[in-house]
Amino acid sequence: MGKAFFIVCESYAKTGVEKKVRGQAAALESVAGLQPLCFSPVRCWDRLVASQHRVIREARGASFLYYRYASLNWLIHLFLLRKMKGRYLLEINTINREELRKERGGKGLLKRMLNSLFEKRLLKHSRAVLAVSPQIKEDVLSLSPGSEVRIIENGYEKRLVPAVVKDHVAKRVREWREKGYLVALFAGTFFPWSGADRIVNGLKEQTGVALIMAGSGPELKTTLAAVEGGLRERVLYVGTQTEEELAGLYETADFAFSSQALDRIGIRDARPLKTREYLAYGLPVVCGYRENPELVETGLILPPDIPMEELEAVCREETKEERTQRILPLLSWERVYDGIGDLFP
């Protein structure tokens, strides 16, 4: 057997995807001997040409590839279709046509054009397609009915980092706890489908909850503008955070909010990395979509309309350490890839 590679070429540095790629690369090397070819280009020329050319140069002559699909990778797609038919696994992380429809400007137009040129052909000629939710599997089969499609779960690799809590955050949390509030957390990107606006609106009914919000994004200003009147006492926005500061927030909070509005982009089933990050730190998670049934069975995936009494009970009945010990084995990337071992050469 010749060389085999795990290929990623997309702008992912300093995001949750970077953590995923790191975890995937280590597990795929351990389980299947795949060498990582992972690039996170930022500049336009590097993103559209140079990094893709480096991938192709390194992968030339490979016997097998595992590739994370990204619509801008036109050179890689030509290489796969000309040289690697039937010898690559294709990982699909979203319903591409639906998500790209939301992107504006020239970049969005280019992504839609390239996606329409390559996605269906890449699905057809792969050894198998790896979809990260049942709904994505349905979408893949609607485009390429003859493809073999396997559902794989997103895993999570938890790194030990020192937890840092800023003084003003610690002070506000102490004040909230003195008043008997549960402390919630939303730490993510303020996109329309994140549903941060729904979280803030929900606080009007959840009077026993205070909220820390972290991150940035296009809906940030609108979301913060909705924090008015008595809500200002119960909402603290802390800006973008380092990995150490995020760990501090995870240790501080009682529970977390994951995406609340994926229905805005037509998604009902999802496996977000952020949800797994929350769980890895022992936080119950309120989700606005259907999650992996195995995680639901842990009792830590909660519906948006959960009564306050039940929410309090879940937050109090175990320590974070106990939850983490239960959850981390379910999030192992090696476990994910052991489950599809027959697809590797």
Side-chain angles (χ1 to χ4, degrees), residues 14-16 102 104 163-265 267 270 272-275 277-279 281 283-289 301-312 314-316:
K14 298 181 181 179
T15 70
K102 307 292 182 180
R104 303 300 176 214
V164 173
V165 181
K166 294 180 179 178
D167 291 342
H168 74 284
V169 176
K171 180 177 182 293
R172 180 68 73 88
V173 170
R174 283 196 301 271
E175 293 170 353
W176 285 340
R177 296 207 182 281
E178 288 171 0
K179 296 177 180 178
Y181 293 135
L182 285 179
V183 178
L185 173 66
F186 172 80
T189 304
F190 289 72
F191 288 127
W193 55 87
S194 300
D197 59 321
R198 293 182 179 177
I199 297 171
V200 170
N201 287 333
L203 289 182
K204 296 171 184 177
E205 303 297 327
Q206 294 174 311
T207 56
V209 174
L211 173 66
I212 300 171
M213 305 187 88
S216 61
E219 298 296 311
L220 175 60
K221 288 184 179 180
T222 303
T223 301
L224 295 182
V227 180
E228 52 188 6
L231 283 183
R232 292 193 184 100
E233 179 192 336
R234 292 191 287 128
V235 177
L236 175 65
Y237 173 65
V238 296
T240 57
Q241 302 286 284
T242 66
E243 192 171 3
E244 292 78 10
E245 289 165 346
L246 280 174
L249 295 181
Y250 299 148
E251 290 193 2
T252 297
D254 295 307
F255 72 97
F257 287 102
S258 191
S259 298
Q260 301 294 302
L262 289 173
D263 56 282
R264 290 172 175 165
I265 52 173
I267 293 178
L273 297 173
K274 180 56 70 172
T275 296
E277 185 164 281
Y278 289 146
L279 291 170
Y281 280 87
L283 291 173
V285 186
V286 175
C287 296
Y289 57 88
I301 300 295
L302 310 176
D305 59 352
I306 184 171
M308 190 67 195
E309 298 78 11
E310 291 183 28
L311 180 59
E312 288 180 333
V314 172
C315 291
R316 309 292 189 208

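For this chain, numbers begin at 1 and follow the sequence in order. In what follows, every heavy atom counts, from backbone to side chain, and hydrogens, waters and symmetry copies are set aside.
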Interatomic distance, [X] atom [atom1] to [Y] atom [atom2] [nearest 0.5 angstrom]:
X: E312; Y: D254; atom1: CD; atom2: CG; answer: 9.5 Å
X: L249; Y: Y281; atom1: CG; atom2: OH; answer: 10.5 Å
X: D305; Y: L311; atom1: CG; atom2: CG; answer: 11.5 Å
X: L224; Y: E219; atom1: CG; atom2: CD; answer: 11.0 Å
X: R198; Y: L203; atom1: CZ; atom2: CG; answer: 14.5 Å
X: I199; Y: S194; atom1: CD1; atom2: OG; answer: 8.0 Å

Quick check: closest heavy atoms across [X] and [Y], and the distance to 0.1 Å?
X: R177; Y: A253; result: NH2-C, 4.5 Å
X: F255; Y: L283; result: N-CD2, 3.9 Å
X: L211; Y: F186; result: CD1-N, 3.9 Å
X: P304; Y: C287; result: CD-O, 3.1 Å
X: W176; Y: E233; result: NE1-O, 2.9 Å
X: T207; Y: R234; result: CA-NH1, 3.8 Å

TODO: Please test Y250 against E277 for side-chain contact (heavy atoms from CB on, under 4.5 Å), starting from the C-alpha separation and ending with a verdict.
DONE: CA-CA 9 Å; Y250 299 148; E277 185 164 281; 2.3 Å; yes
Does the side chain of [Y] come within less than 4.5 Å of [X]'s, by heavy atoms?
X: I212; Y: V173; answer: yes
X: L182; Y: M308; answer: yes
X: F190; Y: S216; answer: no

TODO: Check the pair R172, D167 against salt bridge (Lys or Arg N to Asp or Glu O under 4.0 Å), reporting the backbone distance first and the verdict last.
DONE: CA-CA 9 Å; R172 180 68 73 88; D167 291 342; over 6 Å; no
Under the 3.5 angstrom rule, does the side chain of [X] hit a backbone N or O of [Y] as a donor-acceptor pair?
X: T242; Y: E245; result: yes
X: K274; Y: G188; result: no
X: Y237; Y: G215; result: yes
X: Y289; Y: Q260; result: no

Task: salt bridge (Lys or Arg N to Asp or Glu O under 4.0 Å) assessment of D197 paired with R264 - done: CA-CA 13 Å; D197 59 321; R264 290 172 175 165; 2.9 Å; yes
Task: Residues E175, K171: salt bridge by 4.0 Å N-O rule - done: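 Yes, this pair counts.
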Open item on the list: Run M213 and V238 through side-chain contact (heavy atoms from CB on, under 4.5 Å) and show every step you take.
Closed with: CA-CA 6 Å; M213 305 187 88; V238 296; over 6 Å; no
